[in-house]
Structures are given as structure tokens and as C-alpha cells.
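Here the structure comes first, spelled out in C-alpha cells, and everything after it is commentary.
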Amino acid sequence: MLDIKRLRNEPEEVKQALGRRGIEAPLDEFAELDTRRRELIVAVEEKKALRNQVSDEIAVAKKSGEDAAEKIAAMKSLGEKIKALDLALKDIEIKLDEIILELPNTPLPEVPDGVDESANIMVRTWGEPREFGFEPKAHWDLGADLGIIDQDRGAKVAESRFTLLRGMGARLERALINYFLNLHTGEHGYTELFPPILVNSESMRGTGQLSKFAQAEMYKLRDDDLYLNPTAEVPVTNIYRDEILSENELPIHLTAYLPSFRREAGAAGRDTRGLIRQHQFNKVELVKFITPETSADELEALTANAEEILKRLELPYRTVVLCSGDMGFASAKTYDIEVWLPSYNDYKEISSCSNYLDFQARRLNIRYRPAAGGKPRFVHTNNGSGLAVGRTFAAIIENYQNEDGSITVPEVLRHYMGVDIITAD
RNA sequence: GGAGAGGUGGCCGAGUCGGCUGAAGGCGAUCGCCUGCUAAGCGAUUAAGGGGGUUUUAAGCCUCCUUCGAGGGUUCGAAUCCCUCCCUCUCCGCCA
């Protein structure tokens, strides 16, 4: 959520910035409601001050045995007026919230303008797509032939877009999770977390998953106020909700493996084959809580940490900076890392790394007390996948396939896998 | 799931026949004094959010409102009474 003072003091600047996302922000309506809100506050607080004062007088009068009936009667009617004003105020605050909570973050100046992914800009590329001396197969065919991916039985047990991994397939999935976590904790300095996989609605709201648009994506439990984790960003970012950290605790760099669940409500017909778009998928997440001064550099570092995995797996990738119209709701700047996927004959998103500035922290009420003293400030948050496990799985078997349908295991995974090559048994 | 106890400030911990208790006391922290340095000692300060005023903005200052797990209620007035919910602890049950 954006800073209300900013909406109040620089509406034109905000309007212009949100316009870059193709959004017409109802800031005039905001200004009107905001003014009325403050008028009501002045009115109601004046009455409350009077009530507090007279209530004290009543106490004194009663103590000395005087009759306070007149004052009590006056306060009774005053109380009713206060109640009415409070209701009116609450009504306006609900309307204000509706506006404010639906406003996305404003893009940073260096973010390119554009309405969709065609305006994203490539910032770097690494590795060369391999030249196959044969017709390469898609991972869903490779996986089925090797008996390591069984989508029919996944659908039998759950429904479509759920997959059963078997044998070396299950092992590869586990190897990737371990490899990612070991790298981030061992060399990149992140602390590993294993949070709850069910999260309550307050946590979902905090990270913005319950907005009108996002709600349909979530799996909700019927009998409890709980949702299946849609991304570890939710439980991990929420661990500090409503807290004031001290500056010497920062920066906090966290990583977590967690299964993630999405209904893919709007994705019918997209990525229907293979592991690319599943209802249940594994992901290792990177989350940072940092000071405003460092968040830009921290995002670069976080993105590099995610890219490092692809380098070590020797998978070709490119990194793009998303244009203003293609960024997620809470982000002020996002890098997508895209891995080369022969079956798509294209690069496919495997990680999305964002700087939220104080947008999430404001909504989640996560602050820190500056070491120099003074008022608490909102932290900044960064977050990115490091990486999406299923998509990495797909990229590995496609890029490392051999003509006979076997898969050469990338060097860095061999001791996790116990084999150098995956073959059909 | 059943029975009982409890949820107060950065922490510990007072506070029920409702009224200067936004909150005693202690610890911690910060600043100052003292000290050759450290420790000890002495003094002061030390919750957050939101309004209004002052100020060129900010800071600061003045003032008011709200907040004692969350939400509702009773009352002129609630940390204190009532209701609902959440969480923690103990015992029992159940289970990996």
C-alpha cells in the first residue's frame, strides 16, 4: 500500500506514476474522502475530549457527594452523537481503504514504460542454447518415456495439473530442493526457514493475495480460515507482521522451500502440457527485510543469487526487467529470469525477483527502529524465487537429454542423485 | 476434543465492589554527572498510531483522540463488568 501522505501531498506525481502501469487512479475521490475523514475526526475528537473532561468532573462530584445527574444526562446524549459520528467515520475509512488497497505500487524511474511483456527489456543473457544433433523431445515426453513423470496417475489421484514423480524423477525433485537450499544457506548467507503450508486470511491479505483479482487463484479450506500456501513469500514475509525490528537485526535474508498451490483459474489452455504450470509445485523462495537505503542493491544481489543456480547447472538463461505494465501489483521493480526451454523454443520464466520498497511493509506494518534513534520506519522488502523447482526440472531434462532419451545429470547434482545419467529402467 | 489457568509497555511484573493508571515497581536501553579506564553509584529520558496548531518542508514543540490478545456490548466513564472469537500454559483424551 502506498503512503497516504504521498497520496495527499503529491497526487499528480502518483497519478502520473500509476498511469505508467495503465491505471487511472481515483485520487480525486481519495482526496475528497480524505478531507471529509479529517473533518469528521476533528468533530468527533472534540466531543470525545469534552466527554473525557466531564466524566472526570462527574467522578469528582460523586466523590464529594454532589449531584451529577444533569451532567450525566448531558453526556448520555453526547455519547449518542459520538456514536453516530464514529459510524460515519468508519464508513468513510472503509471507502478509503477500498481505494488505497487496490492501488498498486508505483514503478521506479528506471523501469521501462509499456503495457505488456513485449516492452520488457533484456538486461543480460548467459549461455548459448544447445545445438542438438537430433530432434529434441519435450520434457513431458522424455519424462513419460523414462517413467519419471506420470501425469495420468497424478490426475487420477488429484486432478489435471497434478503430477506424480517416480524413481529418479522424485529424486531429482528432491535433489534440486536440497541443492538450492544448500547454495543459498551455505554460500549466499541466507537463513533457512520451514514455515506453515497453511496460512490464515490475515497473512494472505497482508501480502496482497486476497485482492479482488488474486482471490480466485487461492485454494481455501472449507472449515477453517486457512488457505493453501500460494508462494512461500506469504508465510515468510508475514513472520514479522506488526513488529518493530531493531536496525542491527537488518538485513534479514531468508530462504524457504515450500510446496505452493494455485488454482490457475485464468490459465485454461496455457502451458497445459508438462510441469510448467501445475496446481501444486515446489519452490525455493528468497525473502529480504532491509533498510530503504539498501533495497536497490539488495535486489541486484538477490537476482544474482538466483541466477547463480542456473550458471552452476549450466542452463542458458536471460534476465529481463519488466516494464511498468507487466509488473506485479506490489512491485516497484521486477527482474524475471528466464531459462531456455527447447520444447518452447524460447526462454521461459523461472524466477521473478522484485523490490517492493515499503509497499508490503506498510501493509504488513513491519518497521524497524533506526540505530541513530527516532521514529520507527518501514522496512523495505525484496523477494524472488530461487528457483521454481518444477520448471528447473523441465529445463534440466530437456537441455541435458541425449539422443537415446536418457538424461545426463548436471555435474553439481551428481552427488545428490547418486548417478551420472538417468535412463529408463 | 474435555477440564482448569492466563493473555498488560522492549522485557519482567502490579493493577477487580468500574473514575487523575497509558498504566506502580523492577530490568534493559539512551543521555548527563561522577570515575585515571571499567564496574558501581546518582540524575533525567524511554510505547505506537492518528488528528489539530506552530514551522517554508521536515524535525522539533504544544494539544487532543485511540490503543492493556481481537471484535462486540453495558455505562456519563472499562485494563477492570458481560458476550463471542483467537492464542499460550497445565492436566486428561487422541495421534505421527
Side-chain angles (χ1 to χ4, degrees), chain A residues 1-14 30-97 100-101 194-206 221 223-227 235 238-250 252 292-293 358 361-379:
Chain A
M1 133 184 157
L2 294 170
D3 184 359
I4 288 176
K5 290 203 178 99
R6 195 173 153 213
L7 297 179
R8 203 177 275 161
N9 298 333
E10 304 160 2
E12 288 313 312
E13 182 258 319
V14 173
F30 165 83
E32 208 171 288
L33 287 168
D34 184 52
T35 304
R36 277 181 56 208
R37 169 176 174 264
R38 283 189 283 174
E39 285 166 1
L40 275 173
I41 286 173
V42 170
V44 75
E45 287 192 350
E46 193 178 289
K47 289 186 167 48
K48 282 182 179 173
L50 178 63
R51 181 178 66 184
N52 290 343
Q53 186 196 323
V54 176
S55 288
D56 284 347
E57 290 170 17
I58 291 170
V60 172
K62 280 206 164 179
K63 211 163 257 176
S64 59
E66 291 171 34
D67 176 42
E70 204 171 297
K71 280 178 173 169
I72 288 175
M75 286 308 101
K76 195 180 176 77
S77 74
L78 183 65
E80 276 152 24
K81 285 177 193 145
I82 289 172
K83 200 169 267 185
L85 283 171
D86 268 336
L87 280 175
L89 183 60
K90 198 167 193 175
D91 189 55
I92 284 185
E93 285 179 339
I94 287 169
K95 284 182 182 148
L96 273 170
D97 273 353
I100 293 164
L101 291 177
F194 193 85
I197 301 174
L198 296 179
V199 294
N200 60 33
S201 56
E202 214 177 325
S203 296
M204 293 284 272
R205 218 183 321 278
L221 299 207
D223 294 331
D224 300 276
D225 178 34
L226 292 169
Y227 295 78
N238 270 280
I239 65 177
Y240 293 121
R241 169 155 44 89
D242 293 322
E243 291 194 30
I244 300 176
L245 307 167
S246 62
E247 184 166 0
N248 60 31
E249 290 176 76
L250 301 176
I252 296 171
E293 288 72 23
D358 63 1
R362 196 177 291 284
R363 204 171 166 129
L364 290 162
N365 194 25
I366 304 174
R367 291 168 290 172
Y368 74 98
R369 198 177 294 283
K375 288 280 173 192
R377 307 169 71 194
F378 288 108
V379 299

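Here the structure is a predicted model, which means the values were calculated and not measured. The basis for the numbers below is simple: all heavy atoms, side chains too, and nothing from hydrogens, waters or symmetry mates. Here is how names work: the chains are called A, B, and so on, in the same order as the sequence lines, proteins then strands, and each is numbered from 1.
Between the side chains of A/N200 and A/D225, no donor-acceptor pair is found at a separation under 3.5 Å. With hydrogens and angles left out, the side-chain atoms of A/S77 and A/E80 include no donor and acceptor closer than 3.5 Å.
Using a 4.5 Å cut-off on side-chain heavy atoms (C-beta onward), A/L250 and A/I252 make contact. A/R37 is listed as a side-chain neighbour of A/L89, based on a closest heavy-atom distance under 4.5 Å. Looking only at side-chain heavy atoms (C-beta outward), A/V199 and A/N238 stay at 4.5 Å or farther from each other.
Note on A/D86 versus A/K90: no salt bridge recorded, every NZ/NE/NH1/NH2 to OD/OE distance being 4.0 Å or above. With respect to the salt-bridge test (charged N to carboxylate O, under 4.0 angstrom), the residues A/R377 and A/E293 qualify.
Between the CD1 atom of A/I244 and the P atom of B/rU46 there is a distance of 16 Å, given to the nearest Å. Rounding to whole angstrom units, CG of residue A/D242 and P of B/rC87 are separated by 16 Å. At whole-Å resolution of the value, CD in A/E202 and P in B/rC85 are 18 Å apart. Counting to the nearest Å, the P atom of B/rA48 and the CG atom of A/L364 are 20 Å from each other. A/E247 has its CD atom 19 Å from the P atom of B/rA29, to the nearest Å. B/rG49 atom P lies 16 Å from atom CD1 of A/I41, rounded to whole Å. Atom CD in A/E243 sits roughly 17 Å away from atom C1' in B/rG49 (whole-Å rounding).
Under the Watson-Crick or G-U wobble criterion, with both distances below 3.5 Å, B/rA23 has no partner in any strand shown. B/rU84 and B/rA70 make up a base pair, with Watson-Crick or G-U wobble contacts both under 3.5 Å. In this structure, B/rA96 forms no base pair with any nucleotide, since neither Watson-Crick nor G-U wobble geometry is met with both distances under 3.5 Å. Partner assigned to B/rU35 is none, using Watson-Crick or G-U wobble distances below 3.5 angstrom. In this entry B/rG4 has B/rC89 as its Watson-Crick or G-U wobble partner, both defining distances falling under 3.5 Å. Pairing of B/rU45, defined by two Watson-Crick or G-U wobble distances under 3.5 Å, is identified with B/rA29. With a 3.5 Å ceiling on both atom-pair distances, B/rG9 lacks any Watson-Crick or G-U wobble partner. Shown here, B/rG77 forms no base pair; nothing in the strands shown gives a Watson-Crick or G-U wobble contact with both key distances under 3.5 Å.
When the shell of 6.0 Å around CD of A/E32 is examined, it contains 12 or fewer heavy atoms from other residues, nucleotides or ligands.
Within 4.0 Å (heavy atoms only), A/R377 reaches no atom of the nucleic acid at all.
Taking atom P in both B/rG28 and B/rA39, the straight-line distance is 12 Å, to the nearest Å. B/rG60 sits 9 Å from B/rU55 when the C1' atoms are compared, rounded to a whole Å. When the C1' atom is used for both B/rG2 and B/rA29, the distance is 46 Å, rounded to whole Å. B/rU88 and B/rG72 are spaced 23 Å apart, taking the P atom of each and rounding to whole Å. For B/rG26 and B/rC42, the P atoms lie 11 Å apart once the distance is rounded to whole Å. For the C1' atom pair drawn from B/rC68 and B/rG15, the interatomic distance equals 11 Å after rounding to whole Å. Taking atom P in both B/rC82 and B/rA40, one finds a spacing of 46 Å when rounded to whole Å. When the P atom is compared between B/rC27 and B/rC85, the two are found 42 Å apart, to the nearest whole Å.
For the OP1/OP2 pair of B/rG51 and a distance below 4.0 Å, the side-chain nitrogens and oxygens of A/R37 include at least one atom meeting the criterion. For the pair A/R367 and B/rA48, the criterion of a side-chain N or O lying under 4.0 Å from OP1 or OP2 is not met. The side chain of A/R36 places no N or O atom within less than 4.0 Å of a non-bridging phosphate oxygen (OP1 or OP2) of B/rG51.
Heavy-atom distances to RNA chain B give each of A/V42 and A/R369 a nearest nucleotide, and the one nearer the 5′ end belongs to A/R369.
The main-chain N or O of A/R205 is found under 3.5 Å from a side-chain atom of A/R363 such that the two form a donor-acceptor pair.
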Check: How does each nucleotide of nucleotides 58-78 of chain B score, in 5' to 3' order, for protein heavy atoms under 4.0 Å: base (B), sugar-phosphate only (S), or none (-)?
Finding: ------BBS-----S-S-BS-

